[in-house]
There are 2 protein chains.
Amino acid sequence: MTDRTAPTKLKDVALAAGVSISTVSRVFTNPERLSPATVQHVREVASRLRFSPNLMARALITGVAANVGLIVPDITNPYMTTLLKAAQGRSRSSGVGVLVADTDDSAEIERQVADQLARQSRGLILCAPRMSSAHIREVAELIPVVLINRVVKGVPSVVTDSEPALGEIVERLSGLGHHRLAYLPGPSGSWANRQRLKALTERSAAAGSELVVLPDTVATYPDGIAAADAVVRSEATAVFAFDDVLASGLIEGLRRQGRRVPDDISVVGHDDVLAELVQPGLTTVAGHSDRVGRLAMERLLDPDGEQDREVSIAIRATAVYRGSTGPAPR
Amino acid sequence: MTDRTAPTKLKDVALAAGVSISTVSRVFTNPERLSPATVQHVREVASRLRFSPNLMARALITGVAANVGLIVPDITNPYMTTLLKAAQGRSRSSGVGVLVADTDDSAEIERQVADQLARQSRGLILCAPRMSSAHIREVAELIPVVLINRVVKGVPSVVTDSEPALGEIVERLSGLGHHRLAYLPGPSGSWANRQRLKALTERSAAAGSELVVLPDTVATYPDGIAAADAVVRSEATAVFAFDDVLASGLIEGLRRQGRRVPDDISVVGHDDVLAELVQPGLTTVAGHSDRVGRLAMERLLDPDGEQDREVSIAIRATAVYRGSTGPAPR
DNA sequence: ACGCTTTGTGCAAACGTTTGATAAAAAGTA
DNA sequence: TACTTTTTATCAAACGTTTGCACAAAGCGT
């Protein structure tokens, strides 16, 4: 209906400037091989005609696409949101776009969109807790990949290292009289879940505290509410939730059961991502997802900064204390 | 370091199947012009070689890109997140990707990325409260655009109509004894903000209530906290916040001032997007951003369903009552 | 004046598709 | 069998770039 006007192309600029197409092209890709005079002149003409290069044509011939793919299990999770925001902010300055795909927590869709995006991206930031390592390597063979919160041998990744922060909180809680702790897990297959469980197991042993592991969840708000029952039955005085959203649900669930946080039971979250919204404020492990996102994008954009030197870069998480933890009851 | 293997192209399949390149191409774009036998055969060979077409080459020649762009002021806002998720879910089945750009609430960046994405997308879902209408039209002339929560003459849009829901809440509050209401606005330039203000003005007049309009904010959580003071001074017994996140901040701010919600003052949010997380649960206007996102994507993908019949489609918001509203004090 | 390097520009091929025109083969008709 | 119509597959041009190579002009030392 509305008739689009065809965008101006290299040819138009060349014609208007009285030079050849290749010269105009070089003005944008290789200006130092041209005389300053022509560069200046062509630049003027180009911007007067509002020229901007056709990215698809460029990608076709150079073999390097204009965009980066970002694959996440659930874009609704604030952790992913801030990661996306940071990554995208970092890429904008380089003029590359971000193709986002939400896999709805399905391994099947993870595979599918990874394949699809791989063909039109210059690289992939891949947060795919469910995909098999084999297939991840397969994708990484096709296109540069940076993995998020998961390590697969030979594939670059950036992960958050929560171990020190979790340990610190375990100790602090121990000092407050908590010696029976519980862990409310997230998705069972997830690498991050295993890491957190491992850290808690080791560090609570070191602090002389018991750790009871509750049944798996998929870390949604309702899961948290539902878990309150099991938490109470565990008779732990403090519980670590996989996630801030899981922790929030748990707090609500405990409230419904008439338990007060932190007087009756202390709750610790993870990610520091909606920790201020909830009442009481969540004691949590700040994952700094913004830094994770920015760093991942940098590793992808940089041709080969230290790409293979250390394939997995860890960002150290930090403990943040708020109102959801306190002295153990009695 | 890792040596990528070149993807298989049309030529490889043609060679392996013993047919011409164009025949293979037609198998995927125009199978009915081919004999069923060849189609079948080529399909087999293609999938054996794991062929999938180079989207950039295709886009170059057909002139229609593989992706759609989604431009939002702040991807961190849960309203946008669920909108994105729904839109992306809808587009996945059609095999088109979503290029996301966060403009960081800056009109400048809105312009910039709109121009950038326009050149490599088949269409744009544009949530740009700050960009000038003139420039929006300019972009819409270049490429199909669906506007979100804003109407500009001649440009298709999908908006949420909060008027009935806001009116309903005003009346209900009036029945509970609230006759002095306040509105805590969001970004002043925003179309949505004007709509909500207008609806509240009219409907509170109709209900015989006063409406005091507080100073503008940009609708962040800290803004909400900071606004508590002004809210208290307004002596309103119920306050409508632009947003759920603004409302959450406000509740926290009021709490710090020792005011209880809803006993001392009732609070109403907008979007229904984190309303359950906060304590007490937020009475709010459910904007159904998932439906908005899905519909916007549909209008973009459908060649011309009803494209120009009614350029602006409104989705009616609904009122959701939770614990943050109650009878007026005294 | 001569060769020799340096500098600046143009030619044309290539990237991997799609698609209108066209030829070849198959099928139908008399 | 010869002619027409229909079906099926190929040819080649085009999309808008980038880039190796060739080449002309200019600078320079002898």
Side-chain angles (χ1 to χ4, degrees), chain A residues 4-43 45-46 49-67 95-96 118-122 142-143, chain B residues 4-43 45-46 49-67 95 116 118-122 142-143:
Chain A
R4 327 271 172 210
T5 70
T8 63
K9 34 190 192 176
L10 230 38
K11 192 162 88 174
D12 304 326
V13 180
L15 215 61
V19 295
S20 83
I21 293 186
S22 11
T23 299
V24 182
S25 169
R26 273 189 254 270
V27 167
F28 294 103
T29 61
N30 235 346
E32 58 284 358
R33 300 192 72 78
L34 257 37
S35 93
T38 32
V39 170
Q40 160 99 7
H41 174 219
V42 171
R43 279 245 166 78
V45 175
L49 297 190
R50 283 210 178 67
F51 169 79
S52 87
N54 180 323
L55 294 178
M56 269 115 43
R58 174 181 293 185
L60 181 54
I61 190 138
T62 63
V64 32
N67 302 318
V96 331
R119 311 250 339 165
Q120 56 176 321
S121 309
R122 89 169 34 180
L142 213 62
I143 186 185
Chain B
R4 327 269 173 214
T5 70
T8 62
K9 33 190 194 175
L10 230 38
K11 193 162 87 172
D12 304 325
V13 180
L15 216 61
V19 295
S20 81
I21 293 186
S22 10
T23 300
V24 182
S25 168
R26 272 190 247 272
V27 166
F28 294 102
T29 62
N30 233 346
E32 58 284 359
R33 301 192 72 77
L34 257 35
S35 93
T38 32
V39 170
Q40 159 100 7
H41 174 221
V42 171
R43 279 244 167 78
V45 175
L49 299 189
R50 282 211 178 67
F51 169 79
S52 87
N54 180 321
L55 294 178
M56 270 117 39
R58 176 182 293 192
L60 180 55
I61 189 138
T62 62
V64 31
N67 303 318
Q116 199 212 124
R119 310 250 340 166
Q120 56 175 321
S121 308
R122 88 167 37 178
L142 214 61
I143 187 185

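Protein chains get the first letters and strands the later ones, always in sequence-line order, with residue 1 at the start of each. Both backbone and side-chain heavy atoms feed into the values below; hydrogens, waters and symmetry mates do not.
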Grab the [atom1]-[atom2] distance between [X] and [N] for me, whole Å please.
X      : N       : atom1 : atom2 : answer
R58(B) : dG16(C) : CZ    : P     : 15 Å
R33(B) : dG20(C) : CZ    : P     : 9 Å
N54(A) : dA14(D) : CG    : P     : 18 Å
I21(B) : dC15(C) : CD1   : P     : 11 Å
L10(B) : dT19(C) : CG    : P     : 12 Å
L60(B) : dT18(C) : CG    : P     : 11 Å
D12(B) : dC15(C) : CG    : C1'   : 14 Å
L34(A) : dT6(C)  : CG    : P     : 19 Å

Checklist entry - So do the side chains of F51(B) and L10(B) get within less than 4.5 Å of each other, counting heavy atoms only? => result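 Counting from C-beta outward, F51(B) and L10(B) do come under 4.5 Å.
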Checklist entry - Is the closest side-chain heavy-atom distance between N54(B) and P7(B) below 4.5 Å? => result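 Heavy-atom side-chain distance check fails, nothing below 4.5 Å.
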Sugar-phosphate only, base, or nothing, as touched by [X] at under 4.0 Å among non-hydrogen atoms:
X      : result
S25(A) : base
F28(A) : nothing
T23(B) : base

Item to check | Pair of N/O donor and acceptor under 3.5 Å linking dG20(D) base with R26(A) side chain | outcome: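 Check passes, donor-acceptor contact within cut-off.
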Checklist entry - Any donor-acceptor pair under 3.5 Å joining the side chain of S22(B) to the base of dC11(D)? => result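 Answer is yes: a donor-acceptor pair is held.
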Indicate yes or no for a side-chain donor-acceptor contact from [X] to the backbone of [Y] under 3.5 Å, with no hydrogens or angles considered.
X       : Y      : value
R58(A)  : P53(A) : no
S25(B)  : I21(B) : no
R122(A) : A65(A) : yes

Checklist entry - Mapping R119(B) and I61(B) onto DNA chain D by nearest heavy atom, which one lands closer to the 5' end? => result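 By nearest-heavy-atom nucleotide position, the 5'-most residue is I61(B).
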